[in-house]
Amino acid sequence: MAWVLHVDLDQFLAAVEVLRHPELRGKPVVVGGDGDPTKRGVVSTASYEARVHGVRSGIPLRVAARRLPDAVFLPVDKDAYDSASADVMRTLKEFGVVEILGWDEAFVGVDHDQPEVTARRIQERVLAETRLECSVGIGQNKLQAKLATGFGKPAGIFRITHDTWFAVLGDRPTDALYGIGSKTAKRLAALGIETVRQLAHADPDRLGAALGPATGPWLVQIGRGRASARVSDTPHVVRSRSREMTFQQDLEDWDEVRAAVVELAHKVAADVSPDGRDVARMVVKVRYAPFFTSSHGRKTQRPTTDPHAMELSALAALEAFTDRRPVRLVGVRAEFVPDDQGSAGP
DNA sequence: TCTGGGGTCCTAGGACCC
DNA sequence: TCTGGGGTCCTAGGACCC
């Protein structure tokens with residue numbers, strides 16, 4: 001029988017750092033930003049020793065430092081995690097088709113009557129190869145597997161099936177589901193839908209009218225635990241590349257904002273150059289000091305790989321910003337020409 | 001003492017065309 | 001003294017995820 005396994009490394013960034021710095025084992029370790037907790041930035045990963053003090057992913061580094069002044073703060077080291085992640089993914093490929101979701105998680109499609117046996121072997125093999133611990137969720141589709149992992153952490157294994165879906169998740173709030181965040185949960189609550197079970201019994205057309213024709217029926221489906229079970233190892237074709245930067249002090253001078261856009265546009269151009277693909281559109285994002293974000297984009301004159309053309313379109317997009325208040329973040333994104341007619345026949 | 005950086009997908013409205 | 005109804009493209013923004 002076919003099963004979907006979801007493998008998720010435990011406290012991945014912190015675990016990689018502990019491997020490099022064994023003296024940190026057992027200590028509260030916080031990875032985020034450039035490692036300076038007095039600067040603007042957020043926690044990427046906190047070790048379990050830090051989490052018990054309320055320091056978890058996504059909180060501001062400054063808040064983390066206040067809650068846990070004695071924690072070890074480390075910068076995000078992308079190359080180190082890329083390398084560790086590649087080791088893990090290579091190991092997973094021994095067990096089946098692997099669909100990579102990020103640095104520290106992947107689906108593995110297996111055909112096995114005892115998926116727990118495979119899950120245990122995966123844990124052992126990953127630990128032996130990389131000295132990293134992982135949790136494994138087992139499901140009849142990707143949604144069940146992904147959610148199961150959370151019940152297995154740390155270093156455990158958990159299975160969710162069509163038969164156990166409501167027993168495990170029925171009474172949980174809707175935002176326990178992958179794909180429902182705080183905003184959608186609020187909108188659902190306004191419709192009287194608080195739990196996964198209530199969502200499963202909602203009328204798809206009613207939700208469609210309230211939340212969009214595709215989104216509404218899809219929400220009911222995930223409430224019922226129904227989702228795709230197809231694990232695909234087809235390499236993902238990237239749609240866009242972006243760079244952004246948050247300033248330590250808000251920029252009040254828009255000449256500096258303009259200079260930042262030029263710099264970021266050139267970085268993005270360098271990032272996309274190895275892809276060799278044509279860029280169709282450039283988007284500039286501005287986050288104002290009160291944390292309100294706005295974006296404007298402009299098509300490039302024609303599909304292009306030319307950095308100068310990308311800069312020109314980014315600057316044209318910047319012209320669309322008429323509100324010249326102080327700025328805390330500037331971002332530039334290049335969107336590739338859609339790649340779906342590549343093999344179109346006559 | 002606020003709130004990163006890199007992505008994806010969906011929705012909605014206006015323009016434009018037939 | 002009237003102004004439908006689709007389809008598609010472009011743009012802005014929302015929401016979500018790791």
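Computed from a predicted structure; not experimentally measured.
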Task: Earlier contact from the 5' end, DNA chain B, for G208(A) and R241(A) - done: R241(A)

Open item on the list: Regarding K285(A), tell me which of base, sugar-phosphate or nothing describes its non-hydrogen contacts under 4.0 Å with the strands shown.
Closed with: nothing

TODO: Please tell me which of A289(A) and R243(A) maps to the more 5' nucleotide of DNA chain B, matching each residue to the nucleotide holding its nearest heavy atom.
DONE: A289(A)

Open item on the list: Using a 4.0 Å heavy-atom cut-off, does L177(A) contact any base of the nucleic acid, only the sugar-phosphate backbone, or nothing at all?
Closed with: sugar-phosphate

TODO: At the 4.0 Å heavy-atom cut-off to chain A, mark where contacts on DNA chain C begin and end, going 5' to 3'.
DONE: dC10(C) to dC18(C)

Open item on the list: Over all strands shown, is V42(A) touching base, sugar-phosphate only, or nothing at heavy-atom distances under 4.0 angstrom?
Closed with: base

Task: Whole-Å C1' distance, dG4(B) and dC16(C) - done: 16 Å

Open item on the list: Could you report the tightest heavy-atom contact between G181(A) and D175(A), atom names first, then the distance?
Closed with: O-CB, 3.9 Å

Open item on the list: Does I59(A) reach a base, just sugar-phosphate, or nothing at all? Heavy atoms under 4.0 Å.
Closed with: nothing

Open item on the list: Under 4.0 Å, heavy atoms only, any strand: does G179(A) hit a base, just the sugar-phosphate, or nothing?
Closed with: sugar-phosphate

Open item on the list: Counting the atoms with a prime plus P, OP1 and OP2 as sugar-phosphate, which does R328(A) contact under 4.0 Å by heavy atoms, base, sugar-phosphate, or nothing?
Closed with: base

Open item on the list: At 4.0 Å (heavy atoms only), tell me whether R187(A) reaches a base, stays on the sugar-phosphate, or touches nothing.
Closed with: nothing

Open item on the list: Between the side chains of R258(A) and E256(A), is the shortest nitrogen-to-carboxylate-oxygen separation below 4.0 Å, so that they form an ion pair?
Closed with: no

Open item on the list: What contact category does S182(A) fall into here, base, sugar-phosphate, or nothing, at under 4.0 angstrom with non-hydrogen atoms?
Closed with: sugar-phosphate

Task: Rounded distance [0.5 Å steps], NE2 in H6(A) versus OG1 in T149(A) - done: 5.0 Å

TODO: Decide, yes or no, whether a salt bridge links K142(A) with E99(A) under the criterion of side-chain N to carboxylate O below 4.0 Å.
DONE: yes

- [ ] Using distance alone, with no hydrogens and no angle criterion, decide if R40(A) and T246(A) have a side-chain donor and acceptor under 3.5 Å apart.
- [x] no

Task: Under the 3.5 Å Watson-Crick or G-U criterion, the dot-bracket string of DNA chain C, with | for inter-strand pairs - done: ....||||||||||||||

Open item on the list: Need one value for V283(A): base, sugar-phosphate or nothing, where a base atom within 4.0 Å counts as base even if backbone is also close, heavy atoms only.
Closed with: nothing

- [ ] Mind checking L329(A) for me? I need base, sugar-phosphate or nothing, with any heavy atom below 4.0 Å counting as a touch.
- [x] sugar-phosphate

Task: R20(A) and E17(A) ion-paired at < 4.0 Å - done: yes

Open item on the list: Does this structure show an ion pair linking R159(A) with E116(A), if we count only N-O contacts that are shorter than 4.0 Å?
Closed with: yes

Open item on the list: With a 4.0 Å cut-off on N to O distance, would you call D275(A) and R241(A) a salt bridge?
Closed with: yes

TODO: Scan S294(A) against the nucleic acid and name what it touches under 4.0 Å (heavy atoms): base, sugar-phosphate only, or nothing.
DONE: sugar-phosphate

Open item on the list: Considering only residues two or more places apart or on different chains, which pairs with a residue in residues 67-94 of chain A satisfy ring pair (Phe, Tyr, Trp, His ring centres under 6.0 Å)?
Closed with: Y81(A)-W103(A)

